A.B. asks: 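The structure under discussion is supplied below as structure tokens; questions concerning it will follow.
Side-chain atoms are counted along with the backbone in the values below, which use heavy atoms only and exclude waters and symmetry mates. Because the structure is predicted, anything quoted here is derived from the model rather than measured.
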Amino acid sequence: MQQISIPIRAPTWVSTRRLLEQKLADSLKCIDLKQLKQLHAVIYKYNLQTDPYFAPKLVSGFSLCRQMVLAVNVFNQVQEPNMHLYNSLIRAHVYNSQPSQAFWVFFDMQHRGLWPDTFTYAVLLKACCGNYSLKLVQMIHTHVEKLGFYSDIVVPNSLIDCYFKCGLSGVCAARKLFAVMGERDIVSWNTMICGLVKANELREAHRLFDEMPERDIVTWNTILDGYSKAGEMEAAFELFQKMPERNVVSWSTMICGYCKAGDMEMAMILFDKMPAKNVVTWTIIICGYAEKGLAKDAISLFEKMEATGLEPDDGTIISIFGACAESGLLGLGKRLHASIQRTGYKCSTPVCNAIVDMYAKCGNLNRALTVFNGMANRDLVSWNAIIQGLAMHGRGEKALNLFSRMIQEGFAPDRVTFIGVLCACTHAGFVDKGIHYFHVMETEYGVLKEIEHYGCMIDLLGRGGRLTEAFKLVQSMPMEPNVIIWGSLVGACRMHNALEDAKEVLHHLIKLEPADAGHFSMLSSIYAAAGDWNGVSSARMQMKSTGTQKPSGASSIELEDQVHEFTVLDKSHPNSDRIYEVIDGLSLHLKRVGYVPKETAKVFS
DNA sequence: ATAGGGTTAG
């Protein structure tokens, strides 16, 4: 590129530079790629693109605009990058979810003889969190300890945060580190409280809340969230009233808590009362109604949000589709999908995944496949979602075809993929194929067998009538069988009338879930079938002593934006006489055309 | 450091 001459007089030059600095700082505040590109051209014109002030800022700017190619280009033009520039590139990679690239840059900088500073470590720790790798965090912890970087409080604070994101062993490490910290600021306390809340250690979190010298609004919001997540809404409300000031997050946290508790009345009262709402608040209340199956309210709220001019973001869209998938609100899902298409919203991969999942879970597999096939960039989750969806609705063959296609396209299947694959085999009755996949998942694909996979296999063998093999597999499992394993085994025994085996399995279930009346009622019907009336009365006695009654499983159907739920022998619907008339007619018709219902079902019902 | 967020056996 032709170099443009630099203004001659120093004062002008200085003011031009000042102006550019100001403009660049401004454009970093509001992320606008067009503006940034124009500015980049001007900076280039003045040959400032390798300047120690401008280069790191450009890297950050491009990274904020998700333009990593441009960011790396800026970096590569600098002959001798300094630490500032390295740090900005590391941060750029972390921000754009490329943690391994971040570590490569980190190694490269050490290779060049540059020593990382606290900022570098803080940013790298963020990359570790994305990976949830305890080992990486520990590596950095020892590194930092040796270099004496503890003096900067940002470092131990980020370490605590990262430890919490690494599972149970991380929680202990975080506690230990917090205990030995000589100096703590409000962020250290808040990070600790937040981590404990996420680890379901609410009492300990509250103890720290009481102990700490001063609290800010973040502290209050965090503890509020802890109580609302634990379902303790009275305690949360008390804190909400007591706190010195409230912001959108405080109100939204409370609304979310009431939604999760199913108290839409309180949620709506707070929603109406709060001073300013943002997209997150709207998402929470819409999902609250959607998860309760109240599609009409959810849709009208969605329309109200659109009317206020608030733009739904990825988070809104993914959440609402998720809620639709959960409660089978195809109507709301379609409405949201149409609205997205109308506005020309550019769907990211996660958004497309949510749409595929929604259509699949609602049973509209053709639409799910259309969206899936139309995706520009599919990731592992996309494949898992479509395979799972097809498997769930009995299209096992199609699911397995897609599995082969995903392997052909070079995707490495993970634990979730194999749950879908095994589930597909079960629903299509491919018992031997299932056994094959169960074997090769470890040997060929290096995916460890977990309890979920054993669960699928026991279901597969059990439904296929191979009870002996199912029992053998339970015995050979390297982990303790859980409720789900015993549950599917008892289901298989029921299906194939193996009463003695069912009794044995039920005793295991009762040991694990002594409060569940369902197990005793099943046990009593088994005794009844065998004519053992002593057994029946003892099972009945035990059932009474449990007290708690589990809600029975319900089916649902969506009619005119309203989800109707019904259970076995349900008579609650106002038109239930008419409904049963139709059902009786249908079963009469089925019998006439030669359908014989399974006799075994009678023994247990 | 705080509110909503994609795939997970019966």
A.B. asks: With a 4.0 Å cutoff (strictly under), does any side-chain N or O of A:Lys361 reach OP1 or OP2 of B:dG6?
C.D. replies: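 No, A:Lys361 has no side-chain N/O under 4.0 Å of OP1/OP2 on B:dG6.
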
A.B. asks: Which atom names give the shortest non-hydrogen contact between A:Phe372 and A:Arg378, and what distance separates them?
C.D. replies: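 Looks like O-NH1, 2.6 Å.
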
A.B. asks: Contact class for A:Cys194 vs. all strands (heavy atom < 4.0 Å): base, sugar-phosphate, or nothing?
C.D. replies: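 Sugar-phosphate only.
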
A.B. asks: Only one of A:Met305, A:Lys304, A:Lys277 forms a side chain to side chain contact (heavy atoms under 4.5 Å, CB included) with A:Leu310, so which one is it?
C.D. replies: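 Looking at A:Met305, A:Lys304, A:Lys277, the match for A:Leu310 under the side chain to side chain contact (heavy atoms under 4.5 Å, CB included) is A:Met305.
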
A.B. asks: Starting the side chain at C-beta, find the nucleotide from B:dA1, B:dA3, B:dG6 nearest to A:Ala354.
C.D. replies: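 Closest of the options to the side chain of A:Ala354: B:dG6.
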
A.B. asks: A:Asp216 CG to B:dT2 C1': how many Å, rounded?
C.D. replies: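 For the pair A:Asp216 CG and B:dT2 C1', the rounded distance is 9 Å.
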
A.B. asks: Choose from B:dG10, B:dA3, B:dT2 the nucleotide whose nearest atom is closest to any side-chain atom of A:Asn221.
C.D. replies: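 Side chain of A:Asn221 sits closest to B:dT2.
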
A.B. asks: The side chain of A:Asn353 is closest to which nucleotide in this list: B:dG10, B:dG6, B:dT8?
C.D. replies: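 Between B:dG10, B:dG6, B:dT8, the one nearest the side chain of A:Asn353 would be B:dG6.
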
A.B. asks: Can you list every salt bridge (charged side-chain N to carboxylate O under 4.0 Å, His left out) pair that touches residues 392-404 of chain A, not counting sequence neighbours?
C.D. replies: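 Residue pairs with at least one partner in residues 392-404 of chain A: there are none.
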
A.B. asks: A:Val381 side chain: which of B:dG6, B:dA9, B:dT2 is closest?
C.D. replies: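 Between B:dG6, B:dA9, B:dT2, the one nearest the side chain of A:Val381 would be B:dG6.
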
A.B. asks: Under the 3.5 Å rule, do the base of B:dA3 and the side chain of A:Thr253 count as making a donor-acceptor pair?
C.D. replies: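 Looking at the base of B:dA3, it does not pair with any donor or acceptor on the side chain of A:Thr253 (distance under 3.5 Å).
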
A.B. asks: A:Asp357 has a side chain; which of B:dA1, B:dG6, B:dA9 sits nearest to it?
C.D. replies: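 Nucleotide nearest to A:Asp357's side chain: B:dG6.
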
A.B. asks: Any idea which of B:dA3, B:dA1, B:dG5 is nearest the A:Ser252 side chain?
C.D. replies: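 The answer is B:dA3.
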
A.B. asks: Within the 4.0 Å heavy-atom criterion, would you say A:Asp414 contacts the bases, only the backbone, or no part of the nucleic acid?
C.D. replies: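 No contact.
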
A.B. asks: Spell out yes or no: do the side chain of A:Asp313 and the base of B:dG4 have one donor N/O and one acceptor N/O closer than 3.5 Å?
C.D. replies: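 When only heavy-atom distances are counted, A:Asp313 does reach the base of B:dG4 through a donor-acceptor pair under 3.5 Å.
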
A.B. asks: Hey, does the side chain of A:Arg246 reach the backbone of A:Phe240 with a donor-acceptor pair shorter than 3.5 angstrom?
C.D. replies: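 Answer holds: yes.
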
A.B. asks: From the list B:dA9, B:dT7, B:dT2, which nucleotide is the closest neighbour of the side chain of A:Cys423?
C.D. replies: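 The nucleotide sitting nearest to the side chain is B:dA9.
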
A.B. asks: Just compare B:dG10, B:dG6, B:dT7 and give me whichever is closest to any side-chain atom of A:Val483.
C.D. replies: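 Of B:dG10, B:dG6, B:dT7, B:dG10 is nearest to the side chain of A:Val483.
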
A.B. asks: Is A:Lys198 close enough to B:dA3 that one of its side-chain N or O atoms is under 4.0 Å from OP1 or OP2 there?
C.D. replies: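 So the side chain of A:Lys198 is within the cut-off, an N or O lying under 4.0 Å from OP1 or OP2 of B:dA3.
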
A.B. asks: Side chain of A:Pro350 only, please: which of B:dA3, B:dG6, B:dA9 is the nearest?
C.D. replies: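 It is B:dG6.
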
A.B. asks: State which of B:dA3, B:dA9, B:dA1 makes the closest approach to the side chain of A:Asp225.
C.D. replies: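 For A:Asp225, the side-chain atoms sit closest to B:dA3.
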
A.B. asks: Do A:Leu330 and A:Cys324 come close enough that some side-chain heavy atom pair is under 4.5 Å?
C.D. replies: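 No, their side chains stay 4.5 Å or more apart.
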
